[in-house]
Amino acid sequence: MKAAFAAAMILALPPAAHGQELGRRVFTELAQPPCKLCHALKAAGAEGKLGPSLDELQPDKAKVLDQVTKGAGVMPRYDDKLTPEQIEAVADYVAKVAGR
Amino acid sequence: MRPDKSRVDLQRRMLLAAGASGAAAGLSGWSPASLGQTAGAKPLPAFAAFKDASRVIVHSASGIETRREAFGTSGVTDTDILFVRNNLAAPDASINANPDAWRVEIDGVANPRALSVGELKGMGLASVAMVLQCSGNGRAFFGHKASGSQWKVGAAGNTLWSGVPVKALVAALGGVREGMRYMTSTGGETIPPGIDPNSVIVERSVPWTAMEEAILAWELNGEPLPLAHGGPLRMVIPGYYGVNNVKYVKRVAFTVDETRANIQSSGYRVRPIGVKGAPVQPTMWEMNLKSFVTHPAGGSLRAGPTQVHGVAFSGGSPVSAVEVSLDGGKTWRAARFFGPDMGRYAWRQFVLPVTLAAGAHEITSRAIAADGEVQPEQRIENERAYAHNGWRDHAVKVTVA
């Protein structure tokens, strides 16, 4: 029920907002483990402290794509856990909202 | 910039730094630290607030490097300029309030048990001078934009550590159990629930024989080990890259296999660009043969006599000689070592007195090891930009007027 409702909500949004909403959901719940567990990102209500604060780092989209796809240091790679569309969306989202 | 409190100071510093040349004369009570800040410089993170901001480069909240010109000539890298690299956020500072109470579990020995730092202090004592260097030191010189801190030369330092020799500890606990091939150290960072610990935990395995030289250290450069450098207790393995020197060490186990933690199995593996990390690839253990010039550090110089100096080190066969080139490697001259010889795991300082003529110079150095190995000219291209010891990229360009 909840999922169907959420899906309907997303479909009702304009395309750009759709991507942003998907990006936020990847960040907070779809990625496993979710980005928010380790990273702080005020816009997503994320207060993870294990990895760097994205509000401080303010990575551009290319940087997020790189990190999410390849991993870095102890951060796992997500290229086998998320779809290309999801990775694109989360990179867009983080690049847009970090530091806001 | 956001208006939270930790930023306010930075903002002020940046504004001041931006107008430094004009405004400096008119300001009093202005700390020298802010003089060195360039516009856009990141602030020191709270756990490393004691660092000298004017002599380091802050890459991120978990990555700080020493400026090339800051190394000086005393041979030891002061803690206030020593690089910092943490794979995970440091634990809360409260863990270092009473260092003697920190406990470490020792396993894979005949009589496994947990010991406090207070107890370790009664079990043996050693002090070692050694180069601590990040695997990615020199990453900035690679051309493929490898992710990670863009270290130049300063993710390295020559440091003095005191603690209990691991072999003394192991002997007291009845020796290593038969068949163990690795010494595996686990960091004490708190992993939030919901994350598979193996995916992010800082846990590194090294060949078990590394225990011969390893110490569990509680003191750095004559002071209690700061949180930023792994206090209350750090595994210190002379000759090995920094990542193996596990901070906030809470467990040391002698194990049959390498840990399955990502940081061991796929992280810190040397492989071609574009290839995923895997356990079959070489891991970052022993440091290679390397040297670099620390003075001049670049820029403009006046013609005349100059002491070209730098540092040379190796995790394997010890450094036996260093040569310096003023012309980008066309000709080489033998440098002389100076300062104390602090042992095979420390760096040696070298110097070559020269008279620099007007014009452009490309100054670099190459180390030669006791076994005849010569520091190579070129880096080895690899995905994560590790282990750079090529002398060509480490050269400094100076203009002499």
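Just so you know, these numbers use all the heavy atoms, side chains as well, and skip hydrogens, waters and symmetry mates. Quick note on labels: first sequence line is chain A, next is B, and so on, each numbered from 1.
Looking at B:P45, there are no atoms closer than 4.5 Å to chain A (heavy atoms on both sides), in backbone or side chain. Both the backbone and the side chain of B:N87 come within less than 4.5 Å of a heavy atom of chain A. Heavy-atom distances place no part of B:S266 under 4.5 Å from chain A, backbone and side chain included. When heavy atoms are compared at a cutoff of 4.5 Å, B:S62 does not approach chain A at all.
Closest non-hydrogen pair, B:T190 versus A:L50, comes out as O-CD1, 3.2 Å. Of all heavy-atom pairs between A:R77 and B:G277, the closest is NH1-N, 4.4 Å. The minimum heavy-atom distance linking B:G194 with A:P33 is given by the pair O-CB, 4.0 Å. The minimum heavy-atom distance between B:G148 and A:K63, with the atom names listed, is N-NZ, 4.2 Å. In this structure, B:S147 and A:Q67 approach most closely via the heavy-atom pair CB-OE1, 3.1 Å.
With A:V74 as the partner, the side-chain contact (heavy atoms from CB on, under 4.5 Å) test is satisfied by one option alone out of B:V243, B:N262, B:L88, B:N86: B:L88.
Atom-to-atom distance recorded for B:I191:CD1 and A:L37:CG is 11.5 Å, nearest 0.5 angstrom. Between A:Q32 atom CD and B:I195 atom CD1 the span is 10.0 Å, to the nearest 0.5 Å.
At a threshold of 4.0 Å, the pair A:D66-B:K145 does not count as salt-bridged, since none of the basic side-chain nitrogens sits closer than that to a carboxylate oxygen.
Environment of CD in B:E381: crowded, with over 12 heavy atoms of neighbouring residues, nucleotides or ligands closer than 6.0 Å.
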